[in-house]
Novice: 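Have a look at this one.
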Amino acid sequence: MKNINRLIATAILYLLISACGKEERLMYKEPPAIYFSRDFELPDSINYTFVVKPDTVLKDSVYLNIRITGLATDADRKFNLVIADSSTAVKGKHFDIGPAVIKAGEYAIKFPVYLFRTPDMKDKVFSVYFRIASSDDFAAGFANSLKYQIRITDMLLKPADWSDFFYGAYSLTKHQFMVSRLGTTAITMGTGAQFSEIMSILQKMRVELIRYENTNGPLIDENGNRVTFPAI
């Protein structure tokens, strides 16, 4: 009986190993795919403004986080980054991009998008909509990670990941106050601040608002509301 049980156990183990081997072979047979890498810290859009940059800054860059599935290779591979017709930003005038290439040995890249400061951004917001499509080297990846939007202006924009929990209700007046005191628009993770910096920014803004009010009285926003910051 013991010999029979041992034979049965050996057969089951062999079947399990064989099944795992088949799954691995099937996985590697899947065509490589490509997609925008996103998580809590990496939203599906960027709001960029030149407003706090010196007038001499006419060009800047933002980066699209892109990843592949499957294995890296020893040769460069091209992917298909489509600029949607609905974009209001003009390639070559408001922005530009380089070759859409995953270099040999790479699994993930920070793909640069070059932004150009133009006079019409003083009173307008321009958007560029990117979409990843299939190419000869890559299939389009996860369906919910194939689109990305960049909004470009020389005015202040509400950050896409603004949090009422940290900063309270949004208003342009509050935003302008924060930028004027901080000297930067990097106030959320999506605009460049680290998570660890956000609480520091909040505490600084509470102090700066008290200083402002001691001299000028309450700061009233464009909606007629008093500007405040949460006590967290």
Side-chain angles (χ1 to χ4, degrees), residues 24 26-50 52-53 57-118 121 125-153 157 159-162 184-198:
E24 289 178 357
L26 285 172
M27 180 181 69
Y28 292 125
K29 284 181 180 178
E30 290 292 323
I34 191 164
Y35 61 98
F36 291 116
S37 176
R38 302 209 317 266
D39 56 27
F40 179 70
E41 297 187 21
L42 300 170
D44 60 359
S45 64
I46 297 174
N47 289 339
Y48 180 92
T49 178
F50 282 99
V52 296
K53 304 288 185 180
V57 176
L58 302 178
K59 179 180 177 181
D60 203 354
S61 301
V62 295
Y63 296 89
L64 307 179
N65 293 277
I66 294 175
R67 292 189 65 87
I68 66 168
T69 63
L71 300 175
T73 65
D74 56 3
D76 293 353
R77 291 178 289 179
K78 295 180 180 180
F79 62 95
N80 189 6
L81 187 62
V82 178
I83 299 168
D85 292 339
S86 55
S87 299
T88 56
V90 179
K91 187 174 183 292
K93 178 182 178 182
H94 301 116
F95 76 98
D96 211 343
I97 58 175
V101 174
I102 299 293
K103 292 184 177 179
E106 290 184 332
Y107 291 90
I109 63 169
K110 290 185 176 294
F111 183 78
V113 179
Y114 309 107
L115 309 180
F116 307 128
R117 192 178 207 167
T118 56
M121 290 180 180
V125 179
F126 296 93
S127 295
V128 53
Y129 298 92
F130 291 106
R131 177 174 58 85
I132 290 178
S134 298
S135 68
D136 291 339
D137 293 319
F138 293 103
F142 305 111
N144 63 345
S145 298
L146 298 178
K147 295 180 180 180
Y148 211 95
Q149 179 185 8
I150 300 176
R151 288 179 285 269
I152 319 160
T153 188
L157 289 177
D161 59 341
W162 174 277
T184 177
T185 58
I187 59 175
T188 67
M189 286 183 288
T191 57
Q194 299 298 314
F195 183 79
S196 58
E197 294 176 314
I198 291 178

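Everything numeric here is computed off the predicted structure, so don't read it as measured data.
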Novice: Kindly compute the distance separating CZ (F130) from CD1 (I150), expressed to the nearest 0.5 Å.
Specialist: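 The CD1 atom of I150 is 5.0 Å from CZ of F130, to the nearest 0.5 Å.
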
Novice: Nearest 0.5 angstrom please: T153 OG1 to R117 CZ, how far?
Specialist: 10.0 Å

Novice: Can you tell me how far apart CG (D161) and CG (D44) are? Round to the nearest 0.5 Å.
Specialist: 10.5 Å

Novice: Quick one: side chain to side chain contact (heavy atoms under 4.5 Å, CB included) partners of A140, sequence neighbours excluded?
Specialist: S134, L146

Novice: Would you give the length of the straight line joining atom NZ of K110 to atom CG of N65, rounded to the nearest 0.5 angstrom?
Specialist: 4.0 Å

Novice: Before giving the answer on side chain to side chain contact (heavy atoms under 4.5 Å, CB included), spell out for I132 and L81 the whole-Å C-alpha distance, their side-chain angles and the decisive distance to 0.1 Å.
Specialist: CA-CA 5 Å; I132 290 178; L81 187 62; 4.1 Å; yes

Novice: By side chain to side chain donor-acceptor pair (under 3.5 Å), which residues pair with T118, not counting sequence neighbours?
Specialist: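 T118 satisfies side chain to side chain donor-acceptor pair (under 3.5 Å) with D120 once adjacent residues are dropped.
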
Novice: Can you measure from CD (E197) to OG1 (T184) and round to the nearest 0.5 angstrom?
Specialist: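 It comes to 9.0 Å.
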
Novice: For residues 75-90, which residue pairs pass the salt bridge (Lys or Arg N to Asp or Glu O under 4.0 Å) check, not counting sequence neighbours?
Specialist: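 Non-adjacent pairs meeting salt bridge (Lys or Arg N to Asp or Glu O under 4.0 Å): zero.
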
Novice: Run the salt bridge (Lys or Arg N to Asp or Glu O under 4.0 Å) test against K147 and tell me which residues pass, sequence neighbours left out.
Specialist: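 Partners of K147 under the salt bridge (Lys or Arg N to Asp or Glu O under 4.0 Å) test: none.
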
Novice: Report the residues that fulfil side chain to side chain contact (heavy atoms under 4.5 Å, CB included) with S196, sequence neighbours left out, ordered by chain and then residue number.
Specialist: Q194

Novice: With sequence neighbours left out, what residues match Y35 under side chain to side chain donor-acceptor pair (under 3.5 Å)?
Specialist: none

Novice: Please tabulate, one pair per line, all N/O donor-acceptor pairs under 3.5 Å involving side-chain atoms of residues 97-109, not counting sequence neighbours.
Specialist:
| from | atom 1 | to | atom 2 | distance (Å) |
| --- | --- | --- | --- | --- |
| E106 | OE1 | K103 | N | 3.0 |

Novice: So how far is it from L64 CG to S37 OG, rounded to the nearest 0.5 Å?
Specialist: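 Here the interatomic distance stands at 11.5 Å.
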
Novice: The criterion is side chain to side chain contact (heavy atoms under 4.5 Å, CB included); which residues satisfy it with V82, sequence neighbours excluded?
Specialist: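 N80, R131, A133.
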
Novice: Who pairs with F126 by ring-ring contact (aromatic ring centres under 6.0 Å, His included), at least two apart in sequence or on another chain?
Specialist: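 By the ring-ring contact (aromatic ring centres under 6.0 Å, His included) rule, F126 matches H94.
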
Novice: Can you sort out the partners of F95 under ring-ring contact (aromatic ring centres under 6.0 Å, His included), two or more places apart, ordered by chain and number?
Specialist: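 Partners of F95 by the ring-ring contact (aromatic ring centres under 6.0 Å, His included) criterion come out as none, since no residue qualifies.
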
Novice: Mark yes or no for whether S61, through its side chain, and P112, through its backbone, hold a donor-acceptor pair below 3.5 Å.
Specialist: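 Side chain of S61 to backbone of P112, a donor-acceptor pair under 3.5 Å: no, none is there.
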
Novice: Counting only heavy atoms not in N144, do more than 12 sit closer than 6.0 Å to its CG atom?
Specialist: yes

Novice: Pair Y148, F111 - check ring-ring contact (aromatic ring centres under 6.0 Å, His included), show working.
Specialist: CA-CA 12 Å; Y148 211 95; F111 183 78; over 10 Å; no

Novice: So, for I187 and A193, which heavy atoms are closest and what is the spacing to 0.1 Å?
Specialist: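 Closest approach of I187 to A193: C-CB, 3.9 Å.
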
Novice: Say whether, by atom type as modelled, one donor and one acceptor occur between the side chain of S127 and the main chain of R151 under 3.5 angstrom.
Specialist: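 A pair under 3.5 Å: no.
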
Novice: Restricting to side chain to side chain donor-acceptor pair (under 3.5 Å), what partner residues turn up for T191, sequence neighbours left out?
Specialist: T188

Novice: Does the side chain to side chain contact (heavy atoms under 4.5 Å, CB included) test come out yes or no for M189 and I198, once each step is laid out?
Specialist: CA-CA 8 Å; M189 286 183 288; I198 291 178; 4.2 Å; yes

Novice: Test of understanding: with side chain to side chain contact (heavy atoms under 4.5 Å, CB included), list the residues that count as partners of F116, not counting sequence neighbours.
Specialist: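 Per chain and number, F116 pairs via side chain to side chain contact (heavy atoms under 4.5 Å, CB included) with K59, D96, Y114.
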
Novice: Examine distances only and state if a side-chain atom of S135 and a backbone atom of D137 form a donor-acceptor pair shorter than 3.5 Å.
Specialist: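 A pair under 3.5 Å: yes.
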
